[in-house]
Participant: 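Sending over a structure as structure tokens; questions will come in a sec.
For ligands, and for the atoms within them, numbers begin at 1 and follow the listed sequence. Residue numbers run from 1 in the order of the sequence given. What's counted below: heavy atoms across the whole structure, side chains too, no hydrogens, waters or symmetry copies.
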Amino acid sequence: MRIETKCLHEGYHPQNGEPRALPIYQSTTYTYDSTEHIGKLFDLTAQGHFYSRISNPTVCSVEDKIAALEGGIGALCTTSGQAASLISILNILQAGDHFISVSKIYGGTINLFAVTLKKLGIECTFVDPDASEETIQKQFRPNTKAVFGETIANPALSILDIEKFACLAHKNQVPLIVDNTFATPILCRPIEFGADIVIHSTTKYMDGHAVQLGGIIVDSGNFDWNNGKFPELNEPDESYHGVIYTKDFGKAAYITKARVQLMRDIGAYPAAHAAFLLNLGLETLALRMERHCLNAQKVADYLNSSSKVEYVNYPGLKNNAYYNLAQKYLSLGCSGVISFSIKGGREAAVRFMDGLQLASNVVHVADIRTCVLHPASSTHRQLTDEQLEAAGITPGLIRLSVGLENIHDILEDLEQGFARI
Ligand code: PLP
């Protein structure tokens with residue numbers, strides 16, 4: 001199956017007389033004929049669902065679909081993208097361990113890595129994603145256990161050189177974890193470039209309709225956890241009566257541990273109804289991403305030629321610093337998010353934004369409806385203009401998430417916003 005077909009048909013294969021659409025199994029628990037069978041489920045020697053904090057048939061169908069889209073061997077849904085980031089790290093690091101993350105990533109992930117994980121004794125070093133391999137290599141320590149980056153960074157829109165980071169990670173015997181939220185597997189499949197684990201905030205394009213939060217962790221099954229650095233995966237798990245994940249589950253060691261140990265303990269598993277909604281989004285993902293890319297490229301070209309715009313940041317523009325990397329990793333298009341700075345600073349940006357009628361002013365991105373955000377008066381409101389500059393956010397910067405409306409309507413809306421300045 002090609003990827004468009006996988007979006008529709010992977011994960012759920014109804015048998016004779018069964019519902020065509022993915023059913024919502026809205027049940028916390030599952031019945032079995034014998035205590036012996038339930039015992040086997042608990043021993044992980046039989047497969048099946050027993051409690052919806054760990055697995056549920058509707059959610060598992062969506063996990064199988066996304067694993068197939070990313071080219072992984074298994075996946076685990078979570079209640080948010082944040083939960084996916086947290087579990088992807090906690091699954092292989094503990095107090096005293098260290099990992100490396102590129103500095104250009106989602107702000108919420110920076111907080112998680114720099115503040116919350118630090119409180120748990122896990123240290124993160126942030127590196128410039130564009131630094132040379134030699135410079136990044138110097139940040140590895142004997143206790144470094146992972147490398148983390150985002151395919152298209154939110155909000156910087158820088159493109160991760162996945163092969164460079166996979167190569168560095170593997171040279172140091174640790175996995176590369178890639179947050180593929182903005183690209184989606186339609187535009188880029190990081191596993192094909194060497195990533196070991198892929199995560200998403202499914203809240204964004206995968207859901208697409210801004211109706212529910214979610215996240216997912218996908219395991220490539222390619223990383224060798226038996227290299228001596230990951231005893232939690234190849235020594236008996238006392239919290240699971242001596243299971244040895246690499247021995248008992250082979251290539252699925254990482255994703256099985258994430259489910260049966262961490263999800264059991266943390267309980268951030270989505271409800272069946274949320275997974276059902278996510279599946280509806282996934283069914284049209286390929287089609288939507290194609291139009292998001294087309295519309296965003298046209299909007300970026302329009303902004304790039306506007307005399308009212310100071311600069312435009314979109315990796316699909318030839319003058320963009322990441323254009324070459326985008327050609328390599330995002331050959332089908334650069335997704336739907338653009339940032340640009342209006343001449344006239346904060347005041348001009350606010351007048352422009354308030355003049356828009358079609359684009360909604362929301363704290364959200366990657367949605368079917370065009371939306372805008374002015375970081376200087378929302379997410380970064382407390383900062384002075386000088387502090388904003390230091391954070392790489394000019395006072396006139398606007399983040400624009402280009403939706404699926406007719407391109408002429410989007411451009412006309414921008415035009416009327418500019419007329420207000
Ligand atoms: N990763 C990226 C790239 C994001 O943009 C976000 C949220 O904006 C997250 C992770 C966190 O996802 P969620 O809001 O679903 O927890």
Side-chain angles (χ1 to χ4, degrees), residues 59 62-63 66 70 75-90 101-117 124 126 129 146 148-160 162 165 176-188 190 195 197-218 263 266-271 274-275 277-278 281-282 285 289 292 296 313 315 322 329-330 334-339 362-367 371-373 375 378-380 393 399-402:
V59 185
V62 175
E63 288 166 346
I66 297 177
E70 285 288 5
L76 176 69
C77 275
T78 57
T79 45
S80 68
Q82 285 299 90
S85 305
L86 173 69
I87 293 175
S88 74
I89 296 290
L90 282 190
S101 171
V102 302
S103 54
K104 287 178 181 166
I105 52 170
Y106 168 59
T109 314
I110 295 183
N111 280 337
L112 170 65
F113 289 176
V115 182
T116 302
L117 285 183
C124 177
F126 292 95
F148 186 97
E150 273 175 31
T151 313
I152 306 176
N154 175 17
L157 304 181
S158 52
I159 309 294
L160 187 74
I162 301 172
F165 279 92
L176 172 65
I177 304 173
V178 173
D179 180 337
N180 198 32
T181 297
F182 271 21
T184 80
I186 305 303
L187 304 180
C188 178
I197 307 296
V198 174
I199 64 159
H200 285 271
S201 163
T202 60
T203 319
K204 307 295 171 332
Y205 288 116
M206 283 193 171
D207 167 76
H209 299 72
V211 292
Q212 37 96 38
L213 274 94
I216 194 151
I217 305 170
V218 182
M263 197 53 98
I266 293 174
Y269 201 62
L277 292 173
L278 174 56
L282 290 168
L285 182 66
M289 291 316 293
H292 277 297
N313 186 12
Y322 294 97
Y329 292 110
L330 300 157
C334 293
S335 201
V337 185
I338 299 172
S339 61
V362 293
V363 183
H364 188 53
V365 272
D367 185 359
C371 53
V372 280
L373 176 87
S378 58
T379 47
H380 296 70
I393 295 164
R399 190 180 66 184
L400 173 63
S401 174
V402 182

Participant: Contact between Leu282 and Leu285 at the side-chain level, heavy atoms closer than 4.5 Å - yes or no?
Facilitator: yes
Participant: Would Phe113 and Phe148 count as a ring pair (Phe, Tyr, Trp, His ring centres under 6.0 Å) here? Give the steps.
Facilitator: CA-CA 10 Å; Phe113 289 176; Phe148 186 97; 4.8 Å; yes
Participant: What atoms of ligand 1 come closer than 4.0 angstrom to any heavy atom of Ser80?
Facilitator: 15 (O), 16 (O)
Participant: Hey, which atoms in ligand 1 end up nearer than 4.0 Å to a heavy atom of Asn154?
Facilitator: 4 (C), 5 (O), 8 (O)
Participant: Does the side chain of Pro185 reach to within under 4.5 Å of the side chain of His200, using non-hydrogen atoms?
Facilitator: yes
Participant: Return the minimal non-hydrogen interatomic distance between Cys371 and Asp367, and the atom names on each side.
Facilitator: SG-CB, 4.4 Å
Participant: Considering the heavy atoms of Glu150, write down every atom of ligand 1 situated less than 4.0 Å from one of them.
Facilitator: 3 (C)
Participant: Which residue from Asp179, Thr78, Leu112 reaches closest to atom 3 (C) of ligand 1 through any of its heavy atoms?
Facilitator: Asp179
Participant: Okay, side chain of Asn154, backbone of Ile105: is any donor-acceptor separation there less than 3.5 Å?
Facilitator: no
Participant: For His200, which part has a heavy atom under 4.0 Å from ligand 1: side chain, backbone, both, or neither?
Facilitator: neither
Participant: Is a side-chain donor or acceptor of Asn313 paired with a backbone partner of Ile338 at a separation under 3.5 angstrom?
Facilitator: no
Participant: Give the residue and atom name of whichever protein heavy atom lies nearest to atom 13 (P) of ligand 1, and the separation in Å to one decimal.
Facilitator: Gly81 N, 3.4 Å
Participant: Please write down residue, atom name and distance for the protein heavy atom closest to atom 4 (C) of ligand 1.
Facilitator: Tyr106 CG, 3.6 Å
Participant: Against heavy atoms of Gly214, which atoms of ligand 1 measure under 4.0 Å?
Facilitator: 15 (O)
Participant: Considering only the protein, which heavy-atom contact is closest to atom 14 (O) of ligand 1, and what is its distance?
Facilitator: Lys204 NZ, 3.7 Å
Participant: Output the list of atoms in ligand 1 that are nearer than 4.0 Å to some heavy atom of Thr203, sorted by atom number.
Facilitator: 13 (P), 15 (O)
Participant: With the threshold set at under 4.0 angstrom, would you say Ala83 reaches ligand 1 through any of its heavy atoms?
Facilitator: no
Participant: Tyr322 versus Ile152: any side-chain heavy-atom pair under 4.5 Å?
Facilitator: no
Participant: Could you pull out the closest heavy-atom pair between Ala83 and Ala268, with the gap in Å?
Facilitator: CB-CB, 4.1 Å
Participant: For ligand 1, which is the ligand I care about here, please tell me if Gln82 has any N or O atom under 3.5 Å from one of the ligand's N or O atoms.
Facilitator: yes
